[in-house]
Amino acid sequence: MQPHHTNKRRFLKWLMPALLLTGVVSAIAVNRNPGDWSDRLIQALQQFSNRYPQEKVYLHLDKDYYAAGETIWFKGYVTLNGLPALQATNLYVELLDKNNNIVQKKLFGIGNAGAPGFFDLPETQKAGIYQLRAYTSWMLNFDPAFSYSRNIEIFDPAKKTAPPADTAAADFSVQFFPEGGALIAGQANTVAFKAIDNNGYPIDVTGTVKGPKGNADIKTLHDGMGTFDITPGAAQDAFQATVKSAKGQTKTFTLPAAQSTGATLKVFNKGSRIFYQAVPANAADTAYNDLVVIAQMGNQLVYKASLNVSEGRISGFIPADKLPSGILQVTLFAKAGQPLAERLAFVRRDDLLVMDILESDVAREARKKSTFVLRLPDTLLTNLSVAVTDADAVPVDKNAANIVSTLLLTSDIKGYVYNPNWYFRNTEPATLQALDLVMLTNGWRRFSWEKLVNNEFPEIKFPYEQGLSMKGLATTPNGRPLQNGKLDMIIKIPADSSSMFASAPIDDKGQFNLTSMVFPDTAFIYYQGNDLVKKDKNVSVKIDNHFFERPTQIKIPYPLRVPPAVDNNSLKLFLTGVSEGNKVNRAINNKTVYLQEVNVNAKKVKPEETTEKRYTSGMFSGGDGYTFDLTKETPTAFNIFQYLQSKVAGLQITGDMNNPSLSWRGGKPGLYLNEMQSDVSMLSTLSINDVALIKVFRPPFMGGFGGANGAIAVYTKKGGDNQSTPDPSIRGFQLYKKAGYTVVKQFYSPDYSVKKEVHALPDKRLTLYWNPNVAVDTLTHTATVQFYNNDFSKRFRLVVEGITDEGSPGRLEQEF
């Protein structure tokens, strides 16, 4: 086991004076006025860092691929300025289809910078490419690309082969990136390039760059990337690149024009030292005589040096041996504070969370127990999650990003990085050279220096949440805001049978805000506004919808790429296993045996007592289809169409959920509201909280006109259903149902050492073990993983991901 080096991430701020020493001395030697013009650059960066700390999210999934009927298990990790976000409380996770429609969304509680979660995929889930998106409220104040996104493919278990390959005509493109940002006339320039196909994946290319005064060869070095050197003779010189793809296609591209003013920046990453050199376009141009180099990491200043072109001071080095792993942004500024050139460099240190297997006892026989003992570094706190899957039957996406590549690399740069985890396989020169190509072909995206210098900071629309909140407006009978009153509440939590009293002050604008609430599932909040001056309780209260409760059309940060093809043999085993597992799950549900191995003998509700019996009549009271009783749940969907998505086999609901397209067996189903014919526009604006019952009839439906292609009948609440099981002991209060944190179900891990009724069923699990919160022995620094095999697995894939209290991420993947 490699030794674990203490991470410098926590001490980054403490190291600033030492790291700045070289730059400060250089600055004094060139410009003896310590209060130089570059101070405002530093102040702007410090202000941005203090006011807008970086929050990042990563999801560890139990598998890379899924099929309808399975559960997506995941663990969310949240960091703030590179450290575990111990104060974070709310993690929002969404599952989106290829049309940006939200299929499922849930709120999970964060504890110790981690949040276990899951999505159940119904057996009717349509096969295709989906995207998982995770974020906090604070992250919504910034570029949506900062939200965590991951493409996943969901298969149809009834089809045992891969879907048809993409038949789109093959095409490719090449992008060119002069080092520092611009070509400088009369100087030797390094130009990086990236070649991609029409799906956005890298391809190998060869070619030639030709100009008036010299040529250069193009040849891919790694994953579509490479570099070449050219020297433009003048600003008017035009370079043409003729490039040939591996499939024989040839295309011609024009390189960016060279410039005769300004300057660019060269960087040579030598590991412990990062050398830089400013390259002025015209050494005699006094407008660019005084330059400043600033380097920052994680919005923290780590280096500053003043340069003087007339005196030949145009280079230096940044000491990187005390910096943590991550992206270093090096920027060259002119005297007016104008950024001239920029270059990224990756600092690679031996500071990751290193784990290995201390002991293993692998049992390949059916239903026998295996044991693994993980060895961890000597740290105060390690947050871990572990997944064990069938190594033969579960496909693996080698291109999937992991916790290391996400937190240290892709979360800070623009553009798509193919197979990012490859760059952390080792520290060999070839790997580091390829990683530098990623730095050359991608740009920084956390902030714009131009905006920072001009005091243009992000607008904060969303707070850094601490628990759940409820805010709104209270008005008097004449419609004016109530001043200096209060909101009295009785809060009941059905999930744990708890109750409490609360009171929120109402300010002089009639506004109230109740924060820091924590409860599972749903809270029944009985509220009443009080006027403290007139002692009047005749106060109207309007509660604002939380942003997660509003209908929104999410824009996916990056395109849904066609995933790499899955091996057909592996896919066939996978889909067969899922199909058989779905049959077992149906058998469990039919026998009323829950996976927690508890026999349920609840009294069956009489037909006359059901919501359907009370609401439906005539032809609507029978029929073949699905019934959804919303009086017994608190749906998080914003309207009935989003609620029904993927719940009914054959019913396709696509497009904008405010005006969706409906299709069933090639036609449009009929729509009814309270058994009267309706339309999409009317039903889409109906609040889901006002709906008591939804009946979906299979084609054909004989209850009304337009039912040849089935029908959707919606019933609004009436009578006693308006209060959703109100408490008769509470009088004079209104009821508001507040969605809380999702109750995370327990992963089913059977114990075959004892005899249970459920053990009589076949065991077809493909994920054999999932634990989002692995207990670590603080004395021995080990963690034990134990699980029982299913009926057929012979090889296991163990994946461990986690983060230390000092912010060091780590991953262990091993097959047995």
Side-chain angles (χ1 to χ4, degrees), residues 59 61-74 93-105 118-133 149-168 199-201 389-390 393-397 399-400 554 556 558-586 626 637 641-655 657 660-666 669 696 698 710 764-767:
L59 297 185
L61 276 61
D62 67 312
K63 296 200 296 289
D64 294 331
Y65 294 89
Y66 295 88
E70 289 197 293
T71 296
I72 301 176
W73 299 96
F74 55 82
V93 186
E94 300 164 343
L95 181 66
L96 296 86
D97 66 15
K98 64 180 181 180
N99 297 316
N100 291 0
N101 297 312
I102 299 176
V103 178
Q104 293 189 50
K105 63 177 184 178
F118 73 99
F119 280 128
D120 283 327
L121 300 176
E123 290 191 55
T124 56
Q125 186 78 50
K126 187 178 179 180
I129 311 301
Y130 292 79
Q131 188 172 86
L132 276 174
R133 183 174 184 261
S149 296
R150 172 172 173 170
N151 295 337
I152 61 171
E153 185 168 9
I154 298 176
F155 293 98
D156 182 353
K159 299 177 181 179
K160 302 299 188 290
T161 58
D166 183 16
T167 57
N199 289 321
Y201 290 122
T389 56
D390 185 307
V394 176
V396 178
D397 183 2
N399 304 319
I554 301 300
I556 294 178
Y558 57 89
L560 286 169
R561 303 180 188 278
V562 177
V566 179
D567 176 72
N568 270 329
N569 292 330
S570 177
L571 183 61
K572 184 176 181 179
L573 289 174
F574 171 62
L575 296 179
T576 299
V578 174
S579 180
E580 294 176 350
N582 288 344
K583 293 178 182 177
V584 173
N585 290 336
R586 287 196 295 269
Y626 305 80
F641 297 115
Q642 189 193 49
Y643 175 84
L644 289 175
Q645 265 193 321
S646 302
K647 291 186 184 301
V648 179
L651 176 61
Q652 297 182 12
I653 304 177
T654 58
M657 290 298 101
S661 297
L662 307 179
S663 177
W664 204 350
R665 297 186 183 177
V696 182
R698 289 190 179 93
K764 301 296 182 180
R765 293 170 299 134
L766 294 178
T767 298

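- Between E94 and K105 there is no salt bridge, since none of the side-chain N atoms of the basic residue sits less than 4.0 Å from a carboxylate O of the acidic one.
- In this structure, the side chain of T576 engages the main chain of K572 through a donor-acceptor pair within 3.5 Å.
- With a 4.5 Å cut-off on side-chain heavy atoms, L766 and E70 count as touching.
- For the 3.5 Å distance criterion, the side chains of T71 and D120 qualify, holding a donor opposite an acceptor.
- When all heavy atoms of A393 and F574 are compared, the closest pair comes out as O-CB, 2.8 Å.
- Contact between V566 and F155 at its shortest, heavy atoms only, is CG2-CZ, 4.1 Å.
- For Q645, the side chain to side chain donor-acceptor pair (under 3.5 Å) test picks out no residue, with sequence neighbours left out.
- Closest heavy-atom contact between L651 and P669: CD1-CG, 4.1 Å.
- Between W73 and F118, the ring-plane angle classifies as tilted under the 30° and 60° cut-offs.
- Nearest heavy atoms, R698 versus W664: CA-CH2, 3.7 Å.
- A67 approaches V578 most closely through the heavy-atom pair CB-CG1, 3.6 Å.
- S570 is linked by a side chain to side chain donor-acceptor pair (under 3.5 Å) to nothing, counting only residues two or more places apart in sequence or in another chain.
- Shown here are the side chain to side chain donor-acceptor pair (under 3.5 Å) partners of N582, two or more places apart in sequence or in another chain: there are none.
- In this structure, the ring of Y66 has its center no less than 6.0 angstrom from the ring center of Y130.
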Does the pair R150 and D64 meet the rule for a salt bridge (charged side-chain N to carboxylate O under 4.0 Å, His left out), with working shown? CA-CA 10 Å; R150 172 172 173 170; D64 294 331; 2.7 Å; yes
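- Seen from the ring of Y65, K63 does not count as a face-on cation partner, given the 6.0 Å and 45° thresholds.
- The backbone N or O of A158 sits less than 3.5 Å from a side-chain atom of D156, completing a donor-acceptor pair.
- In terms of heavy atoms, Q125 sits closest to A68 at O-CB, 3.6 Å.
- Annotation: side chain of L644 is in contact with side chain of I653 (closest heavy-atom distance under 4.5 Å).
- Under a 3.5 Å cut-off, the side chain of D97 and the backbone N or O of N101 do form a donor-acceptor pair.
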